[in-house]
Amino acid sequence: MVRFWARGQAGIAGMVTIVLLGGMGGGANRAIAQMTVPPERVSPTVPSIPQIVPSVPQPEQQPAAQGQSNTAKPAKAAPLPDKFPPNPLEITEPDPLIPYDYKDRPLTTQERKEMTAAADRLALRGAAQFQQGDEVGAFASWNRELRLRRVAGPLAAEVRALGRVGDVAWRTNDLTELRYITLRLDDIWKLTRPSTDASQPDQQQTQTGVSGSVPDRPQLWQELGLAYQLVRLPKSATQVYEELLAEARQRDNTYLLEATLISLGQVQMGWFDYAGATKTYQELLERSQARKDVFNEPIYLHQLAYIAEQAKQPEQAINYQEQLINFYQRINDPNPIPALKLKIADNYRLLKRLDQAEVNYQLAYQLAQPQLQFAIAGDALRKLGDLYRDNNRLEAALRMYSFLVLVEQQAYNTYGVMTAYDQLGQLYAQQKQYPQAIAVFQKGLEIARQLKNREDYFMSQIEKLEKGEGSGE
């Protein structure tokens, strides 16, 4: 039985308001507040907390030797024995639903069915307790659920539940519970890997020890990889997926291979392993291109471009973005191309290749405008204006911001129009064209009053320019 004092071993970092209940039947979607659980089936009894501090016997008083004081030195307390709470996932006490001889014989179908149903009820009960703030009670229910699933099987259902409970333990910073769940996942992983001894069959772990074969090891490993992700062990998840990839290649199972590559890529991306993720998605891209898969090919190209940008490799990102443009031209779909041109221009700007950045900003605007993609057209003009301004090409920058006002008006983007007027005003003031600057800022002020935003800013700019013009500055 679970000893509740074991729950105090880790601090609680926060509360989780949503608990995933994977691995259960359709009844898992019922309202947990309406679940009733027979107490004789699932309610764990709470034993009294034993005294773990033994009494310290007092030493007998010895007669003092001649010439010595009769004052006895105080006896030192005996050191406390090292005691740890029992593992709540191990069956150390009888359970009314687990047969006493479960280690000596196979379970009947009815016994497995009853334990699985009780485990499902315990999962719901734990969720209800957790939502009510009773974390100790919730983990007690979930731990009994895990013990029942360990005996009832199959392993995939137990692994799924371990991942679900482990996710909650991680979110609540319950390191003790997380450690026990991780240890159990590690045991399952070790005992389901292919045997290195050819004379020994592959084994899987049951409550009685090790017996039986693993008929659907890939499915179990997929569950195991996900469970390792839920307990935030990316290296372990990666190891599982790499083993699963080897199994898929050996079986020549294309579906399993690509599904595993996707899972592996997601883990690598989630934990910033950009080099590993690039290798994974490149293989996915090559496979999709080989079979002319027009659905997945752009997905993998987009992902590779994103990975390259996150890894601060703009040149590599441009390569994938150019491949995307070629792909969309090949299937006669021009809609995504303006946004891609805009990204390519941004990456050229990062590379300090300003001539190429300018060309691609212009192309992004020219392609977006006839397709009424005003947001992209506006971004292209704004970035092109910034580029000209940074390089002291002020006349060209003025033209871009003037065009930007028109585009933002077409898009009914009032805030964008106000911002464009602000940029125009700053440029006119920089060139000491004060009347034009004041006129533009006044237009910006009108919009600011409509939006009730930045009114003071525009008024201060106008006041400053009027004083500067009057003083002959």
Side-chain angles (χ1 to χ4, degrees), residues 269 278 281-282 284-285 288-289 292-391 393 395-424 427:
M269 281 292 299
T278 298
Y281 280 102
Q282 279 177 339
L284 284 166
L285 175 63
S288 66
Q289 289 175 335
K292 295 180 170 39
D293 183 352
V294 297
F295 178 79
N296 284 307
E297 182 180 348
I299 293 175
Y300 300 143
L301 281 170
H302 274 292
Q303 193 72 302
L304 283 164
Y306 174 78
I307 293 169
E309 288 179 339
Q310 296 302 305
K312 310 299 183 186
Q313 297 175 339
E315 192 164 7
Q316 191 62 40
I318 291 170
N319 175 40
Y320 293 122
Q321 288 155 356
E322 292 285 5
Q323 290 186 56
L324 274 166
I325 288 175
N326 293 334
F327 170 83
Y328 287 121
Q329 288 174 339
R330 191 169 69 246
I331 65 171
N332 196 26
D333 181 7
N335 289 328
I337 295 178
L340 287 167
K341 285 293 184 182
L342 189 63
K343 285 181 174 292
I344 289 171
D346 289 340
N347 285 314
Y348 273 126
R349 191 171 180 182
L350 288 173
L351 291 168
K352 308 298 183 184
R353 295 173 61 178
L354 303 184
D355 54 339
Q356 289 295 324
E358 179 182 1
V359 168
N360 282 278
Y361 282 136
Q362 290 173 346
L363 285 172
Y365 168 72
Q366 292 167 5
L367 293 170
Q369 189 71 3
Q371 296 184 49
L372 306 182
Q373 297 181 17
F374 298 123
I376 295 174
D379 282 344
L381 288 173
R382 185 179 304 105
K383 291 179 177 181
L384 196 54
D386 293 343
L387 181 66
Y388 290 147
R389 187 175 181 179
D390 291 343
N391 289 274
R393 295 171 61 183
E395 290 296 331
L398 279 171
R399 288 197 304 273
M400 293 304 106
Y401 290 126
S402 299
F403 290 148
L404 180 59
V405 170
L406 299 175
V407 170
E408 298 292 17
Q409 288 173 340
Q410 286 180 298
Y412 298 99
N413 183 0
T414 307
Y415 186 87
V417 175
M418 180 184 72
T419 304
Y421 279 138
D422 180 24
Q423 296 293 332
L424 273 173
L427 280 170

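What you are looking at is a predicted structure, and each value in this text was computed from that prediction instead of being measured.
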I would like to know whether Leu284 and Asn296 meet side chain to side chain contact (heavy atoms under 4.5 Å, CB included); could you show each step before the answer? CA-CA 9 Å; Leu284 284 166; Asn296 284 307; over 6 Å; no
Check the pair Tyr281, Ile307 against side chain to side chain contact (heavy atoms under 4.5 Å, CB included), reporting the backbone distance first and the verdict last. CA-CA 10 Å; Tyr281 280 102; Ile307 293 169; 3.7 Å; yes
I'd like to know whether Val417 forms a side chain to side chain contact (heavy atoms under 4.5 Å, CB included) with Tyr412, so could you lay out the CA-CA distance, the side-chain angles of the two residues, the decisive distance to 0.1 Å, and finally the verdict. CA-CA 9 Å; Val417 175; Tyr412 298 99; over 6 Å; no
Applying salt bridge (charged side-chain N to carboxylate O under 4.0 Å, His left out), run through Arg382 and Asp379 and close with a yes or a no. CA-CA 5 Å; Arg382 185 179 304 105; Asp379 282 344; 2.8 Å; yes
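Between Tyr320 atom OH and Leu324 atom CG the span is 11.0 Å, to the nearest 0.5 Å. In this structure, CD on Gln323 lies 12.0 Å from CG on Leu340, to the nearest 0.5 angstrom. Here the CD atom belonging to Gln313 is positioned 12.0 Å from the CD1 atom belonging to Ile318, to the nearest 0.5 angstrom. Annotation: the span from Ile337 atom CD1 to Asn326 atom CG amounts to 9.0 Å, rounded to 0.5 Å. If you take CD1 on Ile299 and CG on Leu285, they are separated by 11.5 Å, rounding to the nearest 0.5 Å. The NE2 atom of His302 sits 9.0 Å away from the CZ atom of Phe327 when rounded to the nearest 0.5 Å.
For the pair Leu350/Lys312, no side-chain contact is recorded, criterion being any heavy-atom separation below 4.5 Å from C-beta on. Side-chain contact between Gln373 and Asn335 is present, with at least one heavy-atom pair separated by less than 4.5 Å. Between Tyr361 and Asp346 there is a side-chain heavy-atom pair separated by less than 4.5 Å. No side-chain heavy atom of Asp355 sits less than 4.5 Å from a side-chain heavy atom of Val359. You'll find the side chain of Tyr388 stays beyond 4.5 Å of the side chain of Leu398, heavy atoms only. Contact of the Gln369 side chain with the Val407 side chain is registered, since non-hydrogen atoms from C-beta on lie closer than 4.5 Å.
By the neighbour-count criterion of 12 heavy atoms within 6.0 Å, atom CZ of Phe403 is sparsely surrounded, having that number or fewer from other residues, nucleotides or ligands. Counting non-hydrogen atoms of neighbouring residues, nucleotides and ligands closer than 6.0 angstrom, the OH atom of Tyr306 reaches no more than 12 such neighbours.
Here the options are Arg393, Arg353, Lys383, the test is salt bridge (Lys or Arg N to Asp or Glu O under 4.0 Å), and the partner is Glu358; only Arg393 passes. The only member of Gln316, Glu309, Glu315 that meets side chain to side chain donor-acceptor pair (under 3.5 Å) when paired with Asn347 is Glu309. Between Leu384 and the choices Met400, Arg399, Arg389, the side chain to side chain contact (heavy atoms under 4.5 Å, CB included) rule is met once, by Met400.
Here the closest non-hydrogen pair linking Gly378 and Leu404 is O-CD1, 3.4 Å. Nearest heavy atom pair, residue Pro334 against residue Asn332, reads CD-O, 3.7 Å. A pairwise comparison of heavy atoms in Ser402 and Leu424 identifies OG-CD2, 3.7 Å as the closest pair. Nearest approach of Ala317 to Ala305, heavy atoms of both residues: CB-O, 3.8 Å. Minimum heavy-atom separation, Ala364 to Pro338: CB-O, 3.7 Å. The shortest heavy-atom contact between Ala345 and Asn360 is CB-CB, 3.6 Å.
Salt bridge present: Asp390 and Arg349 bring a charged side-chain N and a carboxylate O closer than 4.0 Å.
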